[in-house]
Amino acid sequence: MKTMHKTLAGLAALGVAVMIAPAAHADPDGIVVAVVQQAQIDAKTGKKILMPANPVYSGDKINTDQIGQAQIKFRDNTKLVVGPNSTLVIDAFVFNKDNSARQVSISALRGAFRFISGNSPKDVYKITTPTATIGIRG
């Protein structure tokens, strides 16, 4: 009986650890501030309609329809607006402990976007398009 109790206690402890794991997930890289009409996010957890206050993580793909737009604010105060009929991937957004960015890599696959760098060194930003790579300077 003691062995069974220890096993159940061990499983319960494992269950608690599994339940805590999602809460221990790193803070989101950014938060959706606004969505005009409709936009989708293709995240590690699947595709869903993008809504204000949704978290955004590295690896997420943002898709807008013909009249959709999405505005995202990142932890370092970088602002990104994904324009209509666009697809953009947040390849990497790596932060230092002070919430400044250590590495930012975004792939603009289709459409238009507006990008305003935040409180991080300008040389950490890299935006790749189908025909060019853009770096922020000065």
Could you tabulate the donor-acceptor pairs under 3.5 Å formed by side-chain atoms of residues 80-89, not counting sequence neighbours?
residue	atom	partner	partner atom	Å
S86	OG	G83	O	3.0
S86	OG	P84	O	3.0
S86	OG	A112	N	2.9
S86	OG	A112	O	3.2
T87	OG1	N63	OD1	2.9
T87	OG1	R110	NH2	3.3

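- By the rule that hydrophobic residues join a cluster once side-chain heavy atoms approach within less than 4.5 Å of another member, V124 and F115 end up as members of one cluster.
- Every side chain to side chain donor-acceptor pair (under 3.5 Å) that D29 has, sequence neighbours left out, goes to S58.
- Of the possible polar contacts, one joining the D98 side chain to the S100 backbone as a donor-acceptor pair under 3.5 Å is found.
- Identified under the ring-ring contact (aromatic ring centres under 6.0 Å, His included) test for residues 77-97, with sequence neighbours left out: F74-F93, F93-F95.
- The minimum heavy-atom distance between A39 and T64, with the atom names listed, is CB-CG2, 3.9 Å.
- Residues passing the side chain to side chain donor-acceptor pair (under 3.5 Å) test with D65: none are found, sequence neighbours excluded.
- To the nearest 0.5 angstrom, I72 atom CD1 is 8.5 Å from D60 atom CG.
- Minimum interatomic distance between D76 and S120 (heavy atoms only, all atoms of both residues): OD2-OG, 2.6 Å.
- Pairs engaging residues 37-47 under the side-chain hydrogen bond (donor to acceptor under 3.5 Å, both in side chains) rule: none recorded [sequence neighbours left out].
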Item to check | Chi angles and distances behind the side chain to side chain contact (heavy atoms under 4.5 Å, CB included) call for D27, N99 | outcome: CA-CA 10 Å; D27 290 335; N99 279 336; 5.9 Å; no
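- With N54 contributing its side chain and V32 its backbone, the two residues share no donor-acceptor pair below 3.5 Å.
- Other residues sharing the hydrophobic cluster of I116, ordered by chain and number and joined by side-chain separations under 4.5 Å: none, the residue standing alone.
- Rounding to the nearest 0.5 angstrom, the gap separating the CD1 atom in I41 from the OH atom in Y57 is 9.5 Å.
- Listed for the Y125 side chain is no donor-acceptor partner under 3.5 Å among the backbone atoms of I106.
- Nearest heavy-atom pair, A101 versus P121, reported as atom, atom and distance to 0.1 Å: O-CD, 4.0 Å.
- Residues L109 and P130 form no side-chain contact, since every pair of their non-hydrogen atoms from C-beta on lies 4.5 Å or further apart.
- In this structure the side chain of T78 never reaches within 4.5 angstrom of the side chain of V104, judged on heavy atoms.
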